[in-house]
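Here is the naming used below: chain letters follow the sequence lines, and residue numbers restart at 1 for every chain. Computed from a predicted structure; not experimentally measured.
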Amino acid sequence: MKLAVWTYEGPPHVGAMRVATAMKGVHYLLHAPQGDTYADLLFTMIERRGERPPVTYTTFQARDLGGDTADLFKDAARGAYERFLPQAMLVGASCTAELIQDDPGGLAKTLGLPIPVVPLELPSYQKKENWGASETFFQLVKRFAVKREGPAQGGAPRCNLLGPTALGFRHRDDVLEVTRLLGQLGFEVNVTAPLNATPADLARLGDADFNVVLYPEIAETAATWLEKNLGQPAIRTPPIGIGATRDFIAAVAALTGRDASALLHSMPSNQPWWSRSVDSTYLTGKRVFVFGDATHAIAAARIAREEMGFEVVGLGAYNREFAREVRAAAEHYGCPALITDDYLEVERTIADLQPELVLGTQMERHIAKRLNIACAVISAPAHVQDFPARYSPQMGFEGANVMFDTWVHPLVMGLEEHLLAMFRDDFEFNDHAGPSHLGHGGGKAVEPTVAVPPQAVTETVPATISWTSDAEAELIKIPFFVRGKARRNTEIFAERNGIFRIDVETIYDARSHFAR
Amino acid sequence: MTVLNLLARRAETAPAARPLPTEVLRQRGQREVFCGLTGIVWLHRKIQDAFFLVVGSRTCAHLIQSAAGVMVFAEPRFATAIMEERDLAGMADPNEELDRVVAQVLERRPDIRLLFLVGSCPSEVIKLDLSRAAARLSARHGPDLRVLNYSGSGIETTFTEGEDACLTAMVDLAPVETATAPHLVVVGSLPDIVEDQFRRLFSAMGLPRVDFFPPRRAADIPEIGPQTRFLLAQPFLGATSQKLEDRGAQPLRAPFPFGAEGTTAWLQAAADAFKISPAVFNSVVAPGRERAKRALARHRETLQGKSVFLFPDSQLEPSMARFLYEELDMRPIEVGTPYLNKELVSCEISRLPSGVVLSEGQDVDRQLDRCRAAKPDLTICGLGLANPLEREGLATKWSIELVFSPVHGFDQAGDLAGLFARPVTRHAMLGV
């Protein structure tokens with residue numbers, strides 16, 4: 001057993017729901033007890049979908065367990081087919097149904113439904129949501145995709161975009177942005193899947209010349225199969241950030257023998273200049289902690305370091321499947337890697353590191369809010385406010401613009417940071433006012449407190465170190481957005497130098513010691 | 001004035017109260033409802049030194065998190081012991097594993113005085129005996145920590161039945177009665193502010209002693225015995241009610257305290273049991289009742305004559321339908337409930353107009369067909385259905401707010417009506 005307070009990923013059948021809900025003409029028959037329908041609200045509330053997910057739950061109860069849950073399944077399957085008339089049906093079990101071993105795939109076969117039925121085996125007690133989405137997409141691709149007969153049609157080379165699902169972080173807009181980008185390079189998108197694809201569309205996957213793996217967590221398994229069985233090469237560079245978008249364009253150009261130098265030269269994004277303009281000087285060396293799914297976290301770390309001029313002080317991911325890639329990236333940036341799905345461990349790490357900006361999931365947003373640290377969301381799991389009405393991709397040139405704005409917004413603006421430091425003793429113009437562009441409460445100068453009980457926090461500083469009241473008063477004069485760091489650095493300095501009582505001198509000694 | 005008098009008086013001015021409809025529509029199919037684990041979301045805020053440990057799967061953890069949503073802000077006093085392959089394959093002793101996880105929880109939260117081991121669908125299916133585990137852990141960590149168990153599994157409980165199961169388990173911890181005179185216990189978790197309002201009213205009537213169950217702290221579980229008179233504040237507490245009766249406590253049956261009328265009738269039941277004089281009762285109740293009526297009048301302008309369709313969710317539906325019909329002049333079309341406890345809600349149902357369809361259980365697809373055909377002015381339903389129905393042009397109210405917000409009593413009557421009026425007003429306002 002594993003103690004979990006909050007989870008980053010749902011069970012694997014929720015991953016299957018993300019694929020089924022993304023597609024058209026697919027229905028998912030889920031053998032599940034009463035209550036598992038909660039998953040519908042993820043789609044209808046968080047993503048604001050105006051249709052129910054295409055899922056029928058058999059809804060068995062305790063009284064059914066002695067009787068025939070298999071008949072219940074068959075009735076539900078027949079009923080769902082007649083009501084929804086899908087082109088294909090996915091059948092599977094949720095965690096409880098897995099235990100009663102009714103074999104949904106076998107049962108569905110006996111019904112002789114006049115449509116393809118794809119059975120899913122998603123081991124709920126071993127695997128999680130992303131794996132479930134990946135496996136479901138792979139099973140669908142394997143079932144429907146057929147190899148192209150004869151030579152390629154004339155005209156522009158074509159590709160498939162693989163991986164976008166329902167409830168994906170900005171998948172809707174990434175698809176538009178990457179489609180536009182490929183169009184500028186002269187390529188047509190043959191099929192985008194699973195988002196908005198039908199089973200018939202999956203049958204046409206083979207018509208493309210190559211595949212683009214937008215989200216490796218979901219599409220890598222399918223892309224590998226297509227490579228092996230249909231001979232389609234894959235582009236595996238998610239174009240998140242200017243550097244990665246350039247790499248993506250170069251990879252596509254190299255694969256297809258096209259000249260992409262015009263697009264690479266023109267660089268239609270504001271982000272590079274916004275980053276070079278003088279106001280952004282104040283972004284230099286800001287300490288950021290990055291956490292999310294591996295793909296988004298690795299991409300964000302690169303943008304943070306190379307395109308924003310931040311210092312990456314920690315990099316992590318909750319999906320162990322991509323731990324190797326995350327560790328390699330962390331090593332590159334010279335920071336520790338954190339591979340965990342334990343929310344409390346992430347919270348402790350952030351509290352210890354005292355970064356100035358957290359780039360994470362909605363969970364890290366809650367942590368950052370508690371610790372009074374600026375935060376922007378870069379990855380699923382996301383909350384309703386991370387599904388904006390406006391066009392807001394993460395990928396491509398526009399994605400780089402979106403991320404510049406989103407990440408800089410929670411920080412104190414450049415010139416303002418300078419003024420706050422200059423006038424920090426002014427009775428009206430001081431840091432208690434907080435950043436001027438964030439409404440009331442946006443930057444209240446509250447001492448960061450960790451909401452977890454003290455014994456849960458890894459203390460890095462012995463409790464024997466104390467502060468004089470003068471030193472405490474001096475610390476308050478330091479702007480709130482660096483106060484946590486100053487406190488921590490001073491204590492570390494004191495510990496290393498055998499100082500047990502921190503006075504004003506210690507603060508300034510520490511400051512000169514740590515000065516960059 | 002007794003409840004009966006009140007009903008009789010209404011009968012003169014309102015359409016005749018009728019006997020309980022014998023026809024109850026029962027269909028079998030997909031149920032779009034939460035399981036009993038969801039109750040942890042409000043129970044853990046209510047009992048401030050209790051911790052709820054679900055013994056279940058990743059799905060259970062994901063459910064509570066999805067239902068709790070914004071509550072990530074607080075340090076939660078609930079968690080899930082997620083069973084993994086090795087627990088099921090017999091490679092690990094589930095009892096040893098559970099003991100280890102409980103030790104982890106207690107190390108983190110030494111302030112916990114009451115620990116609930118909450119059974120789930122998978123733990124019930126593999127027949128993990130949580131009552132033995134609770135006894136073992138109580139012996140090990142007691143007497144400062146008491147450990148109880150109940151099942152919030154979807155195969156046994158629907159949404160609010162989780163609270164019923166939790167309170168039923170808690171009755172075991174109620175001290176033996178020492179009182180020699182009747183005393184009142186209000187049963188069902190209420191927001192603290194509502195509890196305080198009721199406490200003031202009972203005290204002004206002159207009731208000697210009032211306790212609330214569940215209490216805010218585990219040590220304050222009221223004593224239960226033959227001198228106990230109890231009022232249910234929630235209609236979904238059938239098993240708790242039975243367990244209290246088994247201890248000799250006497251139930252005071254009444255409509256539930258929603259709106260001006262419901263609250264008056266509910267308070268009246270207590271007043272009658274404690275022989276409070278009509279003059280005292282009226283003087284205590286009148287100000288709150290008038291405030292409630294004034295607050296309702298505003299919303300009645302928006303809602304009167306409008307039709308309403310209730311999907312099953314929390315078992316509060318018969319009470320809500322009564323409130324919407326009687327106090328806001330709405331027209332209920334169908335009143336769905338996951339489970340119809342006739343003994344507890346007959347006084348609500350008997351006050352509904354003729355022609356209302358009463359349905360128990362659910363086949364959600366067929367119920368949606370009926371709802372679409374009826375084109376109600378307002379549909380009260382769960383979060384999974386609300387946006388899809390809005391997209392089809394229907395105004396909806398999420399029923400989950402009825403258990404998450406303070407809605408009981410005189411001073412919340414206006415807020416309760418406001419929950420229903422807001423979507424209707426919004427539909428009228430929007431020009432996009």
Side-chain angles (χ1 to χ4, degrees), chain A residues 1-7 9-14 32-46 48-53 56-65 76 79 83 94-96 99-100 123-126 128-129 344 362-363 366 369-370 383 451-453 455-456, chain B residues 29-38 55 57-59 61-63 65-67 69 72-76 78-85 87-88 92 94 97-98 100-101 104-105 107-111 121-122 124-126 153-156 158 364-365 382-388 390-391:
Chain A
M1 285 179 198
K2 189 170 187 296
L3 180 64
V5 179
W6 303 108
T7 66
E9 291 185 75
H13 72 260
V14 168
Q34 170 175 271
D36 281 4
T37 49
Y38 81 87
D40 284 358
L41 76 86
L42 303 171
F43 300 92
T44 61
M45 295 303 291
I46 296 177
R48 300 181 204 252
R49 282 189 171 254
E51 303 86 33
R52 294 167 63 211
T56 294
Y57 305 75
T58 57
T59 320
F60 55 83
Q61 292 174 268
R63 62 167 183 264
D64 303 312
L65 291 177
R83 178 173 281 270
S94 79
C95 53
T96 306
L99 296 173
I100 60 177
S124 309
Y125 299 91
Q126 298 170 22
K128 290 181 279 188
E129 180 178 333
L344 299 172
Q362 64 148 331
M363 321 274 267
H366 294 308
K369 181 163 182 167
R370 268 206 293 276
H383 201 249
V452 296
Q455 70 275 9
Chain B
Q30 175 174 323
R31 287 175 149 222
E32 189 82 18
V33 288
F34 285 126
C35 66
L37 296 180
T38 320
V55 183
S57 64
R58 180 165 297 281
T59 314
H62 198 234
L63 152 84
Q65 172 165 340
S66 306
V72 181
F73 290 119
E75 160 75 0
F78 58 80
T80 308
I82 297 182
M83 295 193 286
E84 293 170 315
E85 194 65 17
D87 299 300
L88 300 170
E97 287 290 296
L98 187 56
R100 183 178 56 76
V101 170
Q104 245 178 301
V105 167
E107 188 191 359
R108 220 182 126 65
R109 297 302 301 256
D111 51 326
C121 296
E124 296 295 328
V125 167
I126 66 165
S153 79
I155 57 177
E156 290 157 305
T158 305
V364 70
D365 289 310
L383 295 172
L385 300 178
N387 265 335
E390 289 279 350
R391 181 62 73 84

For [X], is it the side chain, the backbone, both or neither that has a heavy atom under 4.5 Å from a heavy atom of chain A?
X	result
B:Gln30	both
B:Ala81	both
B:Val33	both

Roughly how far, to the nearest 0.5 Å, is [atom2] of [Y] from [atom1] of [X]?
X	Y	atom1	atom2	result
A:Ile46	B:Ser66	CD1	OG	6.0 Å
A:Lys2	B:Arg100	NZ	CZ	10.0 Å
B:Glu124	A:Leu65	CD	CG	10.0 Å
A:Asp36	B:Ser57	CG	OG	7.5 Å
A:Arg49	B:Asn387	CZ	CG	11.5 Å
A:Leu41	B:Leu63	CG	CG	8.5 Å

Which atoms of A:Leu3 are under 4.5 Å from chain B, going by heavy atoms: the side chain, the backbone, both sets, or neither?
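A:Leu3 touches chain B through backbone and side-chain heavy atoms alike.
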Engaged part of A:Ala76 at the chain B interface, taking heavy atoms whose separation is under 4.5 Å
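Contact with chain B: none, neither part.
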Do you know which of [options] has the most heavy-atom pairs with chain B at a distance under 4.5 angstrom?
options	answer
A:Asp40, A:Val5, A:Thr37	A:Thr37
A:His13, A:Met45, A:Glu129	A:Met45
A:Pro123, A:Gly50, A:Ser94	A:Gly50

Closest heavy-atom contact between [X] and [Y]?
X	Y	result
B:Gly154	A:Gln61	O-CG, 4.5 Å
A:Pro11	B:His62	CD-ND1, 3.8 Å
A:Arg52	B:Val364	NH2-CG1, 3.5 Å
B:Ala61	A:Thr7	CB-CG2, 3.7 Å
A:Glu51	B:Arg391	OE2-NH1, 3.6 Å
A:Thr59	B:Arg31	OG1-N, 3.3 Å

Using a cut-off of under 4.5 Å on heavy-atom pairs, state which of [options] scores highest against chain A.
options	value
B:Glu390, B:Glu156, B:Met83	B:Met83
B:Asp111, B:Thr38, B:Leu98	B:Leu98
B:Thr59, B:Ile126, B:Val55	B:Thr59

Heavy-atom check, side chain of [X] versus side chain of [Y], under 4.5 Å:
X	Y	value
A:Met363	B:Gln65	yes
A:Cys95	B:Arg58	no
B:Leu88	A:Gln126	no
A:Tyr125	B:Asp87	no

